[in-house]
Amino acid sequence: MCGIVGYIGQRRVVPIILEGLKRLEYRGYDSAGLVFLQDGSLHKHRCEGKLVNLEEMMDKVVTDSHIGLGHTRWATHGPPSEANAHPHSDCSGDLVVVHNGIVENYQTLRETLIAEGHVFSSQTDTEVLAHLIEEYLQDDLAEAVRAAVKVVEGSFALGVMWKKQPHLLVAARYQSPLVLGVQENGGSFMASDIPALLPYTRDVIFLDDEEMAVLKADSLQVYRLDDGAPVQKEIQTINWNAGMAEKAGYRHFMLKEIFEQPQAILNTFRGRIDAETGKVNLPEIGLSNKELCSIKRISLVACGTSWHAALVAKYWLEKWVGIPVEVDIASEFRYRRLLLDSEVMVIPISQSGETADTLAGLRLAKKLGARVISICNVVGSTITRESDGTIYTHAGPEIGVASTKAFTSQLTALFLFTLFLAQVRDSMTDEQSKQLVKALLELPSLIEEELPRLQKSMNYLAEEFSRSRDFLYLGRGANFPIALEGALKLKEISYIHAEGYAAGELKHGPIALIDRDMPVLALAPKDSVYGKLISNVEEVKARHGRMILVGSVTDDRLDEMSDYVIKMPDTHEELTPLLYTIPLQLLSYQIANLRGCDVDQPRNLAKSVTVE
């Protein structure tokens, strides 16, 4: 969740830290701070609230320091305050720590340290780490960090600095992401996510769990935490550039990313399908056709928006592959008796590849013998490294907290996987495959053509409904999860209470809520359950609900049934979940914008949830 940035080299460190933290604002935070070494002393600056407060504070500070750490905190232990903001110090003030993750046994450690004479100045679990490292510290910071984390239970990504070893930073990681940056002309970086490094380098090293690194101005070495043995790590070159994470003239990252979806979908299937034969090729799965044919069940594991993508994929896989599919919320997956073995394929889905609950589910699935193929957007992330194979979504960096292009890219990857598995298992005819591939190939240009028109339509609807207190979203079949996703987007960024329902469930409770003040949005493509959906719409009309219909441009019935109709171009029934997602994203965006909400950084939320 929180952001970490560290640097040692020839450049002035404060601008690097501030710029890096700015590029990590999407992760969610409520306080910020930094520390640098100048004239043999550590200088720490912290504040509550947004990063702009820290920037204003640093405007008054003159320094040419070349080593430092920065952090944006998302409160867990202790409320947002200057005292609870990172970095945290030991008793002497000579050592500082920034930390992402949670120290689960912090209370026990804190009581022990207080009994030994340590004095605490915050309510955080992180401060325990500073005092714990101090307890082990003699003349080698790296060894003290290594010894200290052995008694820590929980997760951590650490950046540590000590004034008595002024020429190095120490980084360490366990179940919380940390990436290192390497610069040809000297200088070493650490950060909790790639965008913080992009203005300075695209050459990175991903720390694995139970690894630490010593960063110096002219070198970088990784070691194992358990025995201190050196580890040879591969330098990977990121094919994003800093400009891809800029707003490019859009008011918000979310709007930019909505408009990037045609390209993101195209990038996800480009090079993986043969337009003439309809064949899909996914060599990165890493399993033979024989192994794929031996799979008797699929288990999809994800959180939030990715879970909605998994729900859609269940419809596709069961229909076209003829294989039983389970969908689990990752945070619940491990806490039931799992019946997994080598004949089960587990598919974790994560934009960041660092989602804590999803990663924990992956590890348990592998322990039980399941095959694991992940869907992910970040090359080299932990989930991809620990999977048997990965289908990358190629959406590029997604900065807005509310996921848009990552979601439609996940749907694209899952649709490709469905086609691929159906072809391998011979459960789909060649003609069916060609039709579905043809529809997928046409989809990016279809969305690109519709986006400007839909944006104007959503402006009008947003003005009509931005003062609503509640919203219902209805869908049937594969569009039921899209109703869930639409409701999630609205509540995430506009703070309007919204719920998604399978339309057939109306009469089992939600219909009691419908009156003249209740907006109800229904997804009504001309598909196999169209007639059933229209019957549910009539139930809403009979109770004077304010109806918004999203349906086919060729469906004249819609205008008779509602004053608010969003007309969508026709596409293959199987791809309506991707197409019909777009207007729901835009409606949420426009309503949130009208309500004056912080669209890219909604309250209480973080982009990458790296703690349970």
Side-chain angles (χ1 to χ4, degrees), residues 2-21 24 33-45 63-72 86-90 93-101 126 129-130 132-134 136-137 139-149 156-174 176-183 186-193 196-197 200-201 203-207 211-225 228 230-231 233:
C2 319
I4 287 176
V5 178
Y7 172 74
I8 180 170
Q10 306 305 316
R11 294 167 172 260
R12 293 172 58 239
V13 71
V14 169
I16 289 175
I17 290 175
L18 291 174
E19 180 64 23
L21 292 178
L24 297 178
L34 62 78
V35 62
F36 58 85
L37 186 65
Q38 180 78 37
D39 299 326
S41 299
L42 293 175
H43 298 262
K44 190 166 60 174
H45 302 270
T63 176
D64 60 354
S65 172
H66 303 290
I67 177 173
L69 295 166
H71 190 271
T72 48
H86 298 212
H88 287 288
S89 302
D90 65 347
D94 293 343
L95 179 144
V96 287
V97 174
V98 294
H99 163 236
N100 289 351
T126 297
L129 296 169
L132 195 60
I133 295 169
E134 180 186 18
Y136 289 95
L137 188 56
D139 56 6
D140 188 329
L141 178 60
E143 280 301 306
V145 171
R146 195 168 69 82
V149 298
F156 55 80
L158 296 179
V160 189
M161 186 165 63
W162 185 34
K163 80 171 191 179
K164 294 184 181 178
Q165 283 190 298
H167 305 301
L168 62 84
L169 296 172
V170 174
R173 174 216 160 120
Y174 181 69
S176 189
L178 203 58
V179 59
L180 312 177
V182 183
Q183 207 170 37
S188 300
F189 303 80
M190 73 171 75
S192 46
D193 206 353
L197 306 180
Y200 313 106
T201 183
D203 293 331
V204 303
I205 293 172
F206 293 96
L207 275 189
E211 289 183 347
M212 64 182 294
V214 175
L215 286 68
K216 298 181 179 179
D218 57 356
S219 67
L220 186 161
Q221 178 61 56
V222 178
Y223 303 90
R224 284 167 39 176
L225 276 174
V231 180
K233 302 289 286 188

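We're numbering straight along the sequence, starting at 1.
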Atom pair CG/CD of L197 and Q183 - distance to nearest 0.5 Å: 10.0 Å
Side chains of V149 and Y174: does their closest heavy-atom pair fall under 4.5 Å? no
Hey, what do you get for CD1 (I205) to CG (D203), rounding to the nearest 0.5 Å? 9.0 Å
For the student: nearest non-hydrogen atoms of V5 and I17, plus distance: CG1-CA, 4.0 Å
Have a look at H99 and tell me which of I4, V160, L158 forms a side-chain contact (heavy atoms from CB on, under 4.5 Å) with it. L158
Can you give the donor-acceptor pairs under 3.5 Å from side chains of residues 163-172 to other protein atoms, not counting sequence neighbours?
from	atom 1	to	atom 2	distance (Å)
K163	NZ	D94	OD1	3.4
Q165	OE1	L141	N	2.8

Between D64 and Q38, does a side chain to side chain contact (heavy atoms under 4.5 Å, CB included) hold up when you go through it step by step? CA-CA 8 Å; D64 60 354; Q38 180 78 37; 3.2 Å; yes
Closest heavy-atom pair and its distance - S176, G101: OG-N, 4.3 Å
Using the six-membered ring wherever Trp is involved, compare the ring planes of H43 and F36 and label them parallel, tilted or perpendicular (cut-offs 30° and 60°). parallel
Return the CE to CD1 distance between M161 and I67, rounded to the nearest 0.5 Å. 5.5 Å
So, for V179 and D193, which heavy atoms are closest and what is the spacing to 0.1 Å? CG1-C, 3.9 Å
Please check if the number of heavy atoms outside K44 that lie under 6.0 Å from its NZ is greater than 12. yes
Supply the atom-to-atom distance K233 NZ to Q221 CD, rounded to the nearest 0.5 angstrom. 11.0 Å
Can you check side chain to side chain contact (heavy atoms under 4.5 Å, CB included) on I16 and F189, steps first, answer last? CA-CA 10 Å; I16 289 175; F189 303 80; 4.0 Å; yes
Does the side chain of Y223 come within less than 4.5 Å of R146's, by heavy atoms? no
Can you tell me how far NE2 of H45 sits from OG1 of T63, rounded to the nearest 0.5 angstrom? 8.0 Å
Under the ring-ring contact (aromatic ring centres under 6.0 Å, His included) rule, collect the residues that match up with H66, sequence neighbours excluded. none
Looking only at heavy atoms, which two atoms of V214 and A142 are closest? And how far apart? CG2-CB, 3.9 Å
Search all heavy atoms of G9 against all heavy atoms of A217 and return the closest pair with its distance. CA-CB, 3.8 Å
Write down the atom of G20, the atom of A196, and the distance for their closest heavy-atom approach. O-CB, 3.6 Å
With D218 via salt bridge (charged side-chain N to carboxylate O under 4.0 Å, His left out) - residues at least two apart: none
Using only atom types and a distance under 3.5 Å, with no angle test, would you say the side chain of S65 pairs donor to acceptor with the backbone of L37? yes
Derivation of the side chain to side chain contact (heavy atoms under 4.5 Å, CB included) call for L207 and V222: CA-CA 8 Å; L207 275 189; V222 178; 3.7 Å; yes
I need the S192 OG to N100 CG distance, nearest 0.5 Å. 5.0 Å
